[in-house]
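Accompanying notes for the structure given below.
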Amino acid sequence: MRRHHRLAAAAAGLALLTGAVAAVPASASAGAAPAASGTTAVKATKATTLVVNARTATHCTYDRLVIDTKGALPPTTVKRVTRLRYDGSGKKVPLAGTCFVEIKLSPAAAHNAAGRNVYTGPRLTAVRLPKLKGLALTGDFEGVVTFGTSFTSKPSWTAKRLHGPERFVVDFGHTDTCR
């Protein structure tokens, strides 16, 4: 038994000398206090992006959705889904339409650190644009903010990130309405 302890102690000492074992992530701050489990608690050094508004408009050949943020734009996905569901509960989102697109921003929040809503845009609304027919904030759950959009026919889109102020834009194409 003593031999096992000596070998373990020697291996641990060698690992520490060679830097083979890292007990604390490189991103950990020097002043972090140890958690009860013996791991190191690390405070986030980067503020969470806040989603503060969503707005829609129409142009000659596309309908535009703009999602305004406070802070750097997080990674965002745009994908076609068969139905829209509220994050967390899984309940169906009551938007009329036959085609749906989901937009997810993560990591992001629509509430501040105190839990108060910072999002001032529509939560569930019918939109009467040539292509876009509905918009809903479907989630602000576990660091992910999700929007759902509805259409009466299969949409095509382009997405882009714009800066100054920070915003994520999705343009849904439609036939020219300006002729």
Side-chain angles (χ1 to χ4, degrees), residues 24-35 39-59 62-97 99-129 131-151 155-173:
V24 178
S27 62
S29 63
T39 61
T40 301
V42 180
K43 290 184 179 180
T45 57
K46 185 177 175 185
T48 300
T49 298
L50 298 177
V51 176
V52 296
N53 193 22
R55 50 201 163 93
T56 60
T58 192
H59 300 272
Y62 59 91
D63 292 340
R64 175 167 278 184
L65 168 63
V66 178
I67 300 170
D68 298 312
T69 65
K70 184 177 179 185
L73 281 170
T76 305
T77 60
V78 180
K79 70 176 184 175
R80 194 177 325 275
V81 294
T82 56
R83 68 185 58 86
L84 296 173
R85 301 248 179 227
Y86 286 109
D87 294 352
S89 72
K91 292 181 181 177
K92 186 178 177 197
V93 177
L95 278 179
C99 300
F100 305 96
V101 172
E102 182 179 77
I103 300 110
K104 284 188 182 254
L105 297 89
S106 176
H111 61 278
N112 63 19
R116 292 189 194 93
N117 287 330
V118 295
Y119 177 75
T120 59
R123 296 201 174 265
L124 178 68
T125 187
V127 179
R128 295 182 190 356
L129 300 178
K131 190 68 175 180
L132 182 61
K133 301 302 178 188
L135 172 65
L137 173 66
T138 60
D140 177 16
F141 186 69
E142 295 185 348
V144 179
V145 175
T146 310
F147 290 90
T149 54
S150 66
F151 307 86
S156 62
W157 67 83
T158 58
K160 55 188 144 205
R161 302 160 71 81
L162 299 177
H163 308 286
E166 299 296 305
R167 59 209 184 276
F168 186 77
V169 175
V170 186
D171 292 334
F172 299 101

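Source: prediction; values computed, not measured. Each residue takes its place number in the sequence, starting with 1.
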Looking only at heavy atoms, what is the nearest atom pair of A109 and T48, with distance?
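Shortest heavy-atom separation between A109 and T48 comes out as N-CG2, 3.9 Å.
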
Over all heavy atoms of both residues, which pair between A57 and L129 is shortest? Give the atoms and the distance, please.
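A57 and L129 have their closest heavy atoms at O-CD1, 3.8 Å.
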
State the [atom1]-[atom2] distance between [X] and [Y], to the nearest 0.5 angstrom.
X    : Y    : atom1 : atom2 : result
T138 : L95  : OG1   : CG    : 9.0 Å
T149 : K133 : OG1   : NZ    : 12.5 Å
T77  : E102 : OG1   : CD    : 7.0 Å
L135 : S150 : CG    : OG    : 8.5 Å
K79  : I103 : NZ    : CD1   : 11.5 Å
I67  : L105 : CD1   : CG    : 5.0 Å

Derivation of the side-chain contact (heavy atoms from CB on, under 4.5 Å) call for D63 and T56:
CA-CA 7 Å; D63 292 340; T56 60; over 6 Å; no

Without placing hydrogens or testing angles, list every side-chain donor-acceptor pair under 3.5 Å for residues 110-125, not counting sequence neighbours.
residue, atom, partner, partner atom, Å
H111, ND1, D140, OD1, 3.2
H111, ND1, D140, OD2, 2.7
N112, OD1, A114, N, 3.0
N112, OD1, G115, N, 3.1
N112, OD1, R116, N, 2.9
Y119, OH, P122, O, 2.7
T120, OG1, V52, O, 3.1

Are the side chains of P155 and R80 in touch, meaning some heavy atoms are under 4.5 Å apart?
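The answer is yes; the side chains approach within 4.5 Å.
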
Under 3.5 Å, side-chain donor or acceptor atoms of residues 156-169 against the rest of the protein: list the pairs with distances, not counting sequence neighbours.
residue, atom, partner, partner atom, Å
K160, NZ, D171, OD2, 3.4
R161, NH1, P74, O, 3.0
R161, NH2, L73, O, 2.8
H163, ND1, E166, OE1, 2.9
H163, ND1, E166, OE2, 3.3
R167, NH1, P165, O, 2.5

Decide yes or no on side-chain contact (heavy atoms from CB on, under 4.5 Å) for F100 and V93, but give the supporting numbers first.
CA-CA 11 Å; F100 305 96; V93 177; over 6 Å; no

Cut-off 3.5 Å, no hydrogens considered: what does the side-chain donor-acceptor table look like for residues 81-90, sequence neighbours left out?
residue, atom, partner, partner atom, Å
R85, NH1, G90, O, 3.3
D87, OD2, T146, OG1, 2.6
S89, OG, K91, N, 3.2

Which residues pass the ring pair (Phe, Tyr, Trp, His ring centres under 6.0 Å) test with Y62, not counting sequence neighbours?
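Applying ring pair (Phe, Tyr, Trp, His ring centres under 6.0 Å) to Y62 gives H59.
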
Take V145 and L50 through the side-chain contact (heavy atoms from CB on, under 4.5 Å) test and state the conclusion after the steps.
CA-CA 9 Å; V145 175; L50 298 177; over 6 Å; no

